[in-house]
Amino acid sequence: MSQAEPRIIVALDYPSEAAAWSLVEQLDPGMCRLKIGKEMFTRLGPAFVERVIGRGFDVFLDLKYHDIPNTVAAACDAAADLGVWMMNLHASGGRRMMETALERLARRGGRPLLIAVTILTSLSAEELAEIGFPGSPEENVRRLAALAQAAGLDGVVCSPREAAALRAERGADFLLVTPGVRPASASLDDQTRVMTPGDAIRAGASHLVVGRPITAAPDPLQALRAIDAEIRAAG
Ligand code: C5P
């Protein structure tokens, strides 16, 4: 992974465009990418995504598609039309859903990256069993990451705690995009099992999703620079 490539993806989780935009204007596209998720996309729509891309940022569109293969492939194609850098879907939609989406994207020159959500970190082993996924969350994550890789996807979203095992099993080129990252000095907010940015990179994360440690900082650019310095030192 090139040191020059921004490995921090700032989660743009805001209730309004004005609030989000005041952060966007303070950040540098050479230092970070931006993640737009379900709340902002549902409020502001594709025009907001295009506005952010127009400002020079790579956008990770975090809409976690999960539907029949043709519908997911069409949604991925629509996201690619917006010019996003990365998008995601649920690996539990199955191999054919992932392969169909990837085939549709591959028809384009220079397709966006497509990664999978394996198991939502909010789900306990009991809740997983209830929806028909026996085994521990970790076992399910590893199985679905293997399936995503077999379907040709570029990587997965995972907890930093899972990064070392997935890096060992899935090889050097598979993207591991990890939320749940907190600098040692930052508040945990509602995250429980966190890692520092340096530890997440050392564990094998390729990209870090960081929200409130940057978005809620008194000086977001300075917070971003500090995290960037920490991950550069980590390798
Ligand atoms: O503010 P914070 O750094 O906790 O934001 C993390 C971002 O990553 C949020 O957009 C959150 O929805 C997302 N996320 C997460 N944990 C997961 C999956 C996604 O925190 N397991």
Side-chain angles (χ1 to χ4, degrees), residues 1-41 43-63 79-88 110-115 154-155 157 160 163 175-187 189 191 194-235:
M1 189 78 36
S2 145
Q3 283 280 312
E5 192 225 13
R7 286 179 290 177
I8 301 170
I9 304 172
V10 178
L12 264 190
D13 297 323
Y14 285 97
S16 75
E17 180 159 3
W21 200 254
S22 81
L23 178 79
V24 170
E25 286 190 309
Q26 294 175 61
L27 297 177
D28 173 357
M31 278 183 75
C32 67
R33 272 119 174 184
L34 296 176
K35 179 172 89 69
I36 297 177
K38 287 192 169 91
E39 180 187 4
M40 296 234 71
F41 189 79
R43 285 190 192 284
L44 304 172
F48 179 68
V49 177
E50 289 174 321
R51 189 177 179 203
V52 171
I53 293 171
R55 178 116 189 148
F57 286 95
D58 283 345
V59 166
F60 169 19
L61 189 63
D62 179 19
L63 297 181
D81 283 343
L82 291 176
V84 308
W85 161 72
M86 173 184 278
M87 64 187 80
N88 60 0
R111 69 164 175 84
L113 296 167
L114 182 62
I115 65 170
D154 299 298
V157 183
L175 301 180
L176 299 178
V177 177
T178 62
V181 176
R182 287 290 179 273
S185 57
S187 153
D189 304 306
Q191 300 279 10
V194 300
M195 263 197 201
T196 66
D199 285 345
I201 291 289
R202 278 185 287 272
S206 59
H207 298 84
L208 310 181
V209 173
V210 187
R212 288 159 290 180
I214 292 172
T215 60
D219 183 344
L221 187 57
Q222 196 255 322
L224 170 62
R225 285 201 180 108
I227 295 173
D228 190 54
E230 182 177 335
I231 65 176
R232 279 170 196 280

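When every heavy atom of G198 is checked against every heavy atom of E230, the shortest pair comes out as N-OE2, 2.8 Å. Considering all non-hydrogen atoms of both residues, A223 and P213 come closest at CB-O, 3.6 Å. For the pair P160 and G180, the tightest heavy-atom approach, listed with the atom from each and the gap, is CG-O, 3.6 Å. In terms of heavy atoms, R202 sits closest to A234 at NH1-CB, 3.5 Å. Scanning both residues, P179 and V157, for their nearest heavy atoms gives CD-CG1, 3.8 Å. Heavy atoms only, all atoms of each residue included: H207 and P6 are closest at CD2-O, 3.9 Å.
Taking CG from L12 and CG from L23, the interatomic distance works out to 6.0 Å, rounded to the nearest 0.5 Å. Expressed to the nearest 0.5 Å, how far CD1 of I8 lies from CG of L34 amounts to 11.5 Å. Interatomic distance, CZ of F41 versus CG of L82, reported as 6.0 Å (0.5 Å rounding). Taken to the nearest 0.5 Å, the OG1 atom of T178 stands 8.5 Å off from the CD1 atom of I9. The distance from the CD1 atom of I227 to the SG atom of C32 is 10.0 Å, given to the nearest 0.5 Å. Annotation: the span from R7 atom CZ to L175 atom CG amounts to 12.5 Å, rounded to 0.5 Å.
With hydrogens and angles ignored, the 3.5 Å screen pairs a side-chain donor or acceptor of D154 with a backbone N or O of L114. Distance alone, capped at 3.5 Å, is enough to place a donor-acceptor pair between the S206 side chain and the L176 backbone. One N or O on the side chain of R182 and one on the backbone of S187 form a donor-acceptor pair closer than 3.5 Å. In this structure, the side chain of Q26 does not engage the main chain of L221 through any donor-acceptor pair within 3.5 Å.
At least one side-chain heavy atom of P15 sits less than 4.5 Å from a side-chain heavy atom of E39.
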Report, one line per pair, each donor and acceptor closer than 3.5 Å where one atom sits in a side chain of residues 46-62; sequence neighbours left out.
unit_1: R51; atom_1: NH1; unit_2: E17; atom_2: OE2; d: 2.7
unit_1: D58; atom_1: OD2; unit_2: R33; atom_2: NE; d: 2.8
unit_1: D58; atom_1: OD2; unit_2: R33; atom_2: NH2; d: 3.1
unit_1: D62; atom_1: OD1; unit_2: K64; atom_2: NZ; d: 2.9
unit_1: D62; atom_1: OD1; unit_2: N88; atom_2: ND2; d: 2.8
unit_1: D62; atom_1: OD2; unit_2: K35; atom_2: NZ; d: 2.7
unit_1: D62; atom_1: OD2; unit_2: K64; atom_2: NZ; d: 3.2

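For D81, the side-chain hydrogen bond (donor to acceptor under 3.5 Å, both in side chains) partners are R108, not counting sequence neighbours. Listed by chain and residue number, nothing satisfies the side-chain hydrogen bond (donor to acceptor under 3.5 Å, both in side chains) test with R225 (two or more places apart in sequence, or in another chain).
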